[in-house]
Amino acid sequence: MIEVLGSGPYATVQDLGRRGLAHLGVPRSGAADEASLRLANRLVGNPEGLAGIEATFGGLRLRFGRGAWVALAGAPCPVRGPARAGMGVPFWVPGGGELALGAPAWGLRTYLAVRGGVAVEPVLGSRSTDSLSGLGPPPLAPGTRLPIGDAADRGGIGVDLAPLPGPGPAVLRVLRGPRDDWFAEGALAALCAAPYEVSQDSNRVGVRLRGAELARGREGELPSEGMVAGAVQVPPSGQPIVFLADHPPTGGYPVIAVVREADLGVAAQLRPGDEVRFRVTG
Amino acid sequence: MIRRVGEHGLLVETGALDVSHRLDAALRAERPPGVVEVVPGPETVLVVAPGAEQGGLRARLGELLRRCAAAGVTEAPEEKDVVRVPVVYDGADLESVAELAGVPVDEVVARHTGRELVVGWLGFAPGFAYLTGLDPVLHVPRLATPRTSVPAGSVAVAGPYSAVYPAASPGGWRLLGRTGLRVWDVTARPPSAFRPGTRVRFEAA
């Protein structure tokens with residue numbers, strides 16, 4: 001059992017989400033920066049898709065009811081806890097031990113994996129909290145108790161140290177379409193011409209951006225259609241939104257381009273005030 | 001036309017809801033390798049297939065689209081496939097809907113129960129189905145100020161659609177009544193009583 005002493009601004013349980021249910025109106029959800037959750041799981045010898053904790057801007061404080069192997073990946077936070085506790089390494093937290101994350105140096109979301117996984121009750125095949133629909137466990141709060149899964153049949157811990165990506169300027173590579181033809185000539189060039197600033201009202205649904213306005217070339221409304229994570233959707237304001245894990249399964253605003261899967265984690269780590277550029281690669 | 005949606009998605013333009021439904025049904029029956037999501041919309045079907053060879057899938061989708069666009073109604077719909085929704089017509093907006101429609105309250109009920117509706121697609125919330133085919137007299141605008149909470153099971157109309165609220169949520173549709181039928185249950189397989197193409201009949205309880 002893990003007891004939550006503090007959740008920071010927002011922390012949830014996340015795995016790889018609910019697949020195959022978008023036609024019933026169910027968002028996929030799951031870790032916003034999936035690669036970091038997968039890495040944290042590998043570091044403790046878990047299958048990559050086990051549930052862990054997604055902390056937003058650090059602040060997480062936990063007490064472990066029993067000893068457990070733990071690893072942290074994603075936005076690098078100062079870690080207070082047992083000896084050798086830190087980012088990107090497996091470390092042992094003894095029974096009764098506490099762990100606390102400070103604010104990340106850069107990035108937004110930090111993933112904690114525990115050997116055996118966080119074993120809250122799954123809903124529709126996933127333990128993820130979906131901030132859009134409310135499916136899954138409620139967000140973590142002081143007093144939340146999280147069961148730890150059985151680790152007896154897990155493999156060995158094979159990696160001692162995982163390299164963490166550096167801060168660097170954020171670039172999102174995109175493929176044009178599916179609705180680039182709904183925009184004025186030059187809109188795609190405008191998307192890539194200058195950096196956008198990440199707005200304060202970004203969340204797990206999407207990264208809201210402020211910058212060059214993307215003008216429509218076509219009047220009228222687009223009938224609602226299926227959406228994917230990474231879609232760069234443009235509402236009437238002309239200010240783009242990059243959809244993340246909890247995006248609505250369908251939407252009615254045209255999508256000018258879609259972020260490459262490899263860069264979805266970069267998008268998920270953007271924090272309000274950050275600058276981000278787009279580059280069309282196809 | 002088939003549009004690319006990032007690395008793994010293809011958006012098939014069907015141009016019509018019934019073609020979307022036929023293509024959705026064909027894809028669920030055939031399950032082409034690598035396909036993880038099939039999401040029908042009013043004029044499109046999104047196919048997400050991270051594991052698929054895109055050229056082959058695109059060609060197959062083109063073939064299926066041609067077949068589905070050409071097909072008329074191939075078989076008479078069977079009565080057993082209709083989801084019957086018993087409704088107690090005592091909703092808070094029943095009278096305002098009657099006023100907007102310019103008909104008495106019992107005619108609102110008669111018109112709402114008088115036609116078979118079809119689930120167009122789901123969205124807004126898990127299990128929230130947009131039911132198409134509503135009597136045009138009942139096409140009324142949504143509330144100017146949405147309610148902060150609408151109870152699960154509320155039966156409502158807005159614009160050309162009717163719906164059953166699958167769970168308690170905020171909502172701006174006009175409430176005609178309520179049903180005891182659970183249209184959404186996360187412990188059931190499938191969790192939703194409605195899926196795109198499902199035929200629905202409301203009945204006064």
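All chains are named by letter (A, B, ...) in the order of the sequence lines, taking the proteins before the strands, and each is independently numbered beginning at 1.
For chain A, the nearby parts of B/Val186 are the backbone and the side chain; heavy atoms of each come within less than 4.5 Å. Of the two parts of A/Ser224, the backbone and the side chain both hold a non-hydrogen atom closer than 4.5 Å to a non-hydrogen atom of chain B. Contacts between B/Pro42 and chain A at a heavy-atom distance below 4.5 Å involve backbone atoms as well as side-chain atoms. For B/Leu122, the parts sitting under 4.5 Å from any heavy atom of chain A are the backbone and the side chain alike. Only the backbone of B/Val36 comes within contact range of chain A, judged by heavy atoms closer than 4.5 Å.
Residue B/Arg28 places its CZ atom among more than 12 non-hydrogen atoms of other residues, nucleotides or ligands, all under 6.0 Å distant. For B/Arg31, the CZ atom counts as loosely surrounded, since its 6.0 Å shell holds 12 or fewer non-hydrogen atoms of other residues, nucleotides or ligands. Heavy-atom contacts from other residues, nucleotides or ligands closer than 6.0 Å to CD of B/Glu30 number more than 12. More than 12 non-hydrogen atoms from other residues, nucleotides or ligands lie less than 6.0 angstrom from CD of B/Glu63.
Contacts with chain B (heavy atom to heavy atom, under 4.5 Å) involve these residues of residues 126-141 of chain A, listed by number: A/Ser133, A/Leu135. Scanning residues 177-185 of chain A against chain B with a 4.5 Å heavy-atom cutoff picks out A/Gly177, A/Pro178, A/Arg179, A/Asp181, ordered by number.
Closest non-hydrogen pair, A/Gly125 versus B/Arg189, comes out as N-NH2, 4.4 Å. Here the closest non-hydrogen pair linking B/Leu46 and A/Gly226 is CD2-C, 3.5 Å. The minimum heavy-atom distance between A/Val26 and B/Pro126, with the atom names listed, is CG2-CB, 3.9 Å.
Two residues are said to be in side-chain contact when any heavy atoms from C-beta on lie closer than 4.5 Å; A/Glu225 and B/Glu43 fail this criterion. B/Thr44 is not listed as a side-chain neighbour of A/Pro223, based on a closest heavy-atom distance of 4.5 Å or more.
Comparing B/Phe124, B/Trp184, B/Tyr130 by how many heavy-atom pairs each has under 4.5 Å with chain A, the most go to B/Trp184. Put simply, of B/Pro50, B/Gly41, B/Ala125, B/Ser20, the one with the most heavy-atom pairs under 4.5 Å next to chain A is B/Ala125.
Electrostatic pairing of A/Arg260 and B/Glu7 counts as a salt bridge here, judged by a charged N lying under 4.0 Å from a carboxylate O.
The structure places CE of A/Met227 at 8.5 Å from CG of B/Leu11, a figure rounded to the nearest 0.5 Å. Within the model, atoms CZ of B/Phe194 and CG of A/Leu24 stand 12.0 Å from one another, a figure rounded to the nearest 0.5 Å.
Counted by atom type alone, A/Glu261 and B/His8 present one or more donor-acceptor pairs between their side chains at under 3.5 Å.
The closest donor-acceptor contact from the side chain of A/Arg176 to the backbone of B/Arg4 lies at 3.5 Å or more, if one exists at all.
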For this session: Given side chain to side chain contact (heavy atoms under 4.5 Å, CB included), test B/Val48 with A/Val228 step by step and report yes or no.
Result: CA-CA 8 Å; B/Val48 181; A/Val228 297; 4.0 Å; yes
